[in-house]
Amino acid sequence: MSKTVAELFVETLAAAGVERVYGVSGDSLNGITDAIRREREIQWIHVRHEETAAFAAGAQAHLTGKLAVCAGSCGPGNLHLINGLYDCHRSRVPVLAIAAQIPSHEIGSNYFQETNPEHLFAQCSHYCELISNPEQMPRVLEIAVQTAIARRGVSVVAIPGDVALREAAVNSPRLHFAPPKPTVCPSDEELETLAGVLNRAKKITILAGAGCAGAHSELIELAGKLNAPIVHAMRGKEFVEYDNPFDVGMTGLLGFSSGYYAMMNCDLLLMIGTDFPYTQFFPKEATVVQIDLRGEQLGRRAKVDYGYVGDTQATLKALLPRLKQNNYVEHLTTSVEHYRKTREELDSLATPGHSGEPIHPQYIVKTLDELSADNAIFTCDVGTPTIWAARYLTMNGKRRLLGSFSHGSMANALPQAIGAQVSHPGRQVITLSGDGGFSMLMGDLLSLRQLNAPVKIVVFKNNSLAFVELEMKAAGIVDFGTDLHNPNFAKMAEALGLLGLTAETPDQVRPALRKALQHDGPALVEVPVSRQELSMPPTITLEQMKGFSLFALRAVLSGRGDEIIDLAEVNLFR
Ligand SMILES: Cc1cc2nc3c(=O)[nH]c(=O)nc-3n(C[C@H](O)[C@H](O)[C@H](O)COP(=O)(O)OP(=O)(O)OC[C@H]3O[C@@H](n4cnc5c(N)ncnc54)[C@H](O)[C@@H]3O)c2cc1C
Ligand SMILES: Cc1ncc(C[n+]2csc(CCOP(=O)(O)OP(=O)(O)O)c2C)c(N)n1
Ligand SMILES: [Mg+2]
């Protein structure tokens, strides 16, 4: 029996294991959505904004490691996908975007809604092609799928509505193999050199990132042999931090002083599966060794003396038998002790505070951390919620943590939570949302009811774009354009059919969070938090010091000296 290109398209997706497509429908997508309606194996996940669809697909791909799909109709529908796709591409998660196109005979005429998807998606994809002839199917789609999976990133298939409705030239998908799982490991010769370098070093620090996923026991064994503290990069937190006696926290602007210290005071830095981007936090003198699955990553962030291409687990398994026990322990013990103190200091900031004052956001996250399920999935918005997530959420090997860590886009937490919840219906999914980030894609709050997704949203209501305000202060600029005039988000949530709660005072935080977590359905908890909860970088440079005093001067000149006092009170006089 003959079928349409759209039917073959959807059948090919199903053959590739795709279970759902996130998107917003539209005329040019009708062929595809109608084929999805009739294909039992694939669900259409209807959201309110295409950016949400892309973020949601990215979250699903991150959590499962498998291909996820989103779709937008021609022109504006495509364009709305882009920011979310950038995030997926930068995070190296396999996502296919179906970008419907205007009627094929109108292309090039500046037709209604016309854009050029091949140009638009070029920078946020490994593969982006237009299907203009039924003969291209299913091959082009299969190449797109293979590329997204093999290179881990975004592929885009643009398809005009009329082409989707034409008769297919072929009747079924062509590819029927299981996903390849090659073992990637440096050569014997390289492993010998690497072992020699490590066996000769004394003060070794490991910087471990997301590329260490699935290699926890090998990483811990390695650190034991090398007596090396392990610093993690943010995306590595969920895979590296737990059950780890060598853990000394994170480095970077949001990091811990112990992470910073361990990096800066080593003789040899061993980077494993990390693309930690901030060059100023790398040691200047140390020997640097880097192991990464991708050769193009070597030396990207720091000068590298020894670079190896390998999968973390395969490489460490082959390396470990060649390593001698390092007998120098001082570097490890000092770093771990430093971490213990830093951790204590951070924990002491997570206090309830006094009634009548805005609540410390640290306290909210610490409480949430205690109350959440053992296998909860957290998403955190870009802004101060990223700081609180990095510092106060405890990972355990089962919990997951998602953010827009590489692309750094606001508004990620809610849409990522939608993808996480829809693809993991039994799991507790919790957002740490900024009031700015949350309101940016707030329309998709409506999707929670429609999709029956019991996501729990915690809104940090500081009535400002606080992270930017902090950056402005640090740069010596008077903050401007950062005020948010917010509604009562809890009442708004109630109006939308969610459970809406407000924790006005510190003693209301725990009961409100508990009630939301126990609620059988979506819930929103808004918490007014202090605006100037300064999170000091682990080291203050002269430049930054200058910035702060300059701010004070300007603030006085502009009649806003009270803000610096507020800042000091919150941070110094607890
Ligand atoms: C507001 C904000 C502030 C931030 N501040 C900080 C901060 O202070 N500190 C911080 O650490 N981060 C911070 N981040 C996050 C930061 O931007 C980076 O996204 C993060 O540091 C990267 O973490 P990663 O190296 O673990 O992951 P990635 O960037 O994803 O790198 C993973 C690496 O592992 C490789 N890889 C993948 N699989 C394998 C495998 N099987 N074997 C070997 N290698 C593999 C990849 O090729 C890649 O090079 C911040 C983000 C935001 C939004
Ligand atoms: C799409 C986008 N726009 C602007 C920025 C710059 N930016 C980074 S954090 C931030 C403030 C976030 O505010 P909010 O969500 O309220 O979190 P807060 O820092 O106040 O806790 C802004 C504007 C960005 N990263 N992404
Ligand atoms: Mg805010």
Side-chain angles (χ1 to χ4, degrees), residues 51 62 65 83-84 86-87 90-93 151-153 183-185 207-215 218 231-240 249-256 259-260 263 271-278 281 290-298 300-301 308-316 361 380-391 403-414 432-441 459-472 481-484 486 528-533 535 537-538:
E51 184 173 343
H62 178 83
N83 189 50
Y86 260 94
D87 185 78
R90 290 237 166 94
S91 300
R92 299 187 193 84
V93 291
R151 296 190 62 192
R152 290 189 65 88
T183 303
V184 185
C185 189
L207 174 63
C212 293
E218 289 81 4
V231 179
H232 60 263
M234 180 91 209
R235 293 194 77 222
K237 179 179 165 79
E238 52 174 344
F239 310 114
V240 173
M250 208 169 89
T251 185
L253 201 68
L254 314 187
F256 302 8
Y260 178 82
M263 288 267 287
M271 298 169 65
I272 311 177
T274 177
D275 192 22
F276 174 74
Y278 313 112
F281 288 89
Q290 187 177 3
I291 301 168
D292 201 286
L293 187 59
R294 298 176 175 81
E296 70 268 25
Q297 295 297 105
L298 301 178
R300 196 171 276 250
R301 307 296 176 200
Y308 300 96
V309 174
D311 162 64
T312 302
Q313 191 179 40
T315 307
L316 298 192
C380 62
D381 263 335
V382 165
T384 66
T386 299
I387 314 180
W388 315 135
R391 295 180 179 176
S404 177
F405 298 135
S406 306
H407 187 45
S409 170
M410 279 170 76
N412 60 292
L414 172 63
L432 273 57
S433 296
D435 44 6
F438 171 65
S439 50
M440 208 176 241
L441 280 177
V459 183
F460 292 77
K461 192 176 187 182
N462 49 25
N463 296 322
S464 77
L465 304 171
F467 194 79
V468 174
E469 221 163 67
L470 188 67
E471 287 171 333
M472 287 174 174
T482 51
D483 278 350
L484 298 175
N486 282 316
V529 294
S530 59
R531 181 168 176 159
Q532 307 276 333
E533 200 71 24
S535 26

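Atoms within a ligand are numbered from 1 in the order they appear, just like the ligands themselves.
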**Report entry** Any donor-acceptor N/O pair, R391 side chain to L254 backbone, under 3.5 Å
**Finding:** yes
Query raised in the report: Shortest non-hydrogen contact from G273 to D292?
Result: CA-OD2, 4.1 Å
Report summary line: Scanning both residues in full, the closest heavy-atom pair of T312 with A215 reads CG2-CB, 3.8 Å
Query - Gap between atom CE of M250 and atom CG of L207 - 0.5 Å precision - result: 11.0 Å
Query raised in the report: How would you list, by chain and number, every residue that makes a salt bridge (charged side-chain N to carboxylate O under 4.0 Å, His left out) with R92, sequence neighbours excluded?
Result: D275
Query raised in the report: Between S409 and D87, do the side chains contain an N or O donor and an N or O acceptor separated by less than 3.5 Å?
Result: no
Requested in this report: Return the minimal non-hydrogen interatomic distance between C212 and V240, and the atom names on each side.
Outcome: CB-CG2, 4.2 Å
Enumerate, one pair per line, all nitrogen or oxygen atoms of ligand 2 lying under 3.5 Å from a protein nitrogen or oxygen, stating the separation to 0.1 Å; write 'none' if no such pair exists.
unit_1, atom_1, unit_2, atom_2, d
ligand 2, 15 (O), G436, N, 3.4
ligand 2, 15 (O), G437, N, 2.7
ligand 2, 16 (O), D435, N, 3.4
ligand 2, 16 (O), D435, OD1, 2.7
ligand 2, 16 (O), G436, N, 2.8
ligand 2, 16 (O), S464, O, 3.1
ligand 2, 19 (O), T384, N, 3.0
ligand 2, 19 (O), F467, N, 2.9
ligand 2, 20 (O), N462, OD1, 3.3
ligand 2, 20 (O), N462, ND2, 3.1
ligand 2, 20 (O), S464, O, 2.8
ligand 2, 20 (O), A466, N, 2.7
ligand 2, 21 (O), T384, OG1, 2.5
ligand 2, 21 (O), N462, ND2, 3.2
ligand 2, 25 (N), G408, O, 2.9
ligand 2, 26 (N), M410, N, 3.2

Requested in this report: Taking all non-hydrogen atoms of both residues into account, name the closest pair between M410 and G436 and its distance.
Outcome: CE-C, 3.6 Å
**Report entry** Heavy-atom pair with the smallest gap, counting every atom of F438 and S433
**Finding:** CB-CB, 3.9 Å
Query - Interatomic distance, F276 atom CZ to H232 atom NE2 [nearest 0.5 angstrom] - result: 10.5 Å
Report task. Sum up the protein N, O or S atoms located under 2.8 Å from the Mg ion (ligand 3). Result -> 3
Query raised in the report: Which distance, rounded to the nearest 0.5 Å, do you find between the CE of M271 and the CE of M263?
Result: 7.5 Å
Query raised in the report: Can you check whether V529's main-chain N or O pairs, donor with acceptor, with N462's side chain at less than 3.5 Å?
Result: no
Report summary line: Contacts for ligand 1, heavy atom under 4.0 Å, by chain and number, are R92, G209, A210, G211, A233, M234, R235, G236, M250, T251, G252, L253, L254, G255, G273, T274, D275, F276, P277, Y278, D292, L293, R294, Q297, G310, D311, T312, V382, S404, F405, S406, F467
Query raised in the report: Between D381 and A413, is there a donor-acceptor pair closer than 3.5 Å when you use the side chain of the first and the backbone of the second?
Result: yes
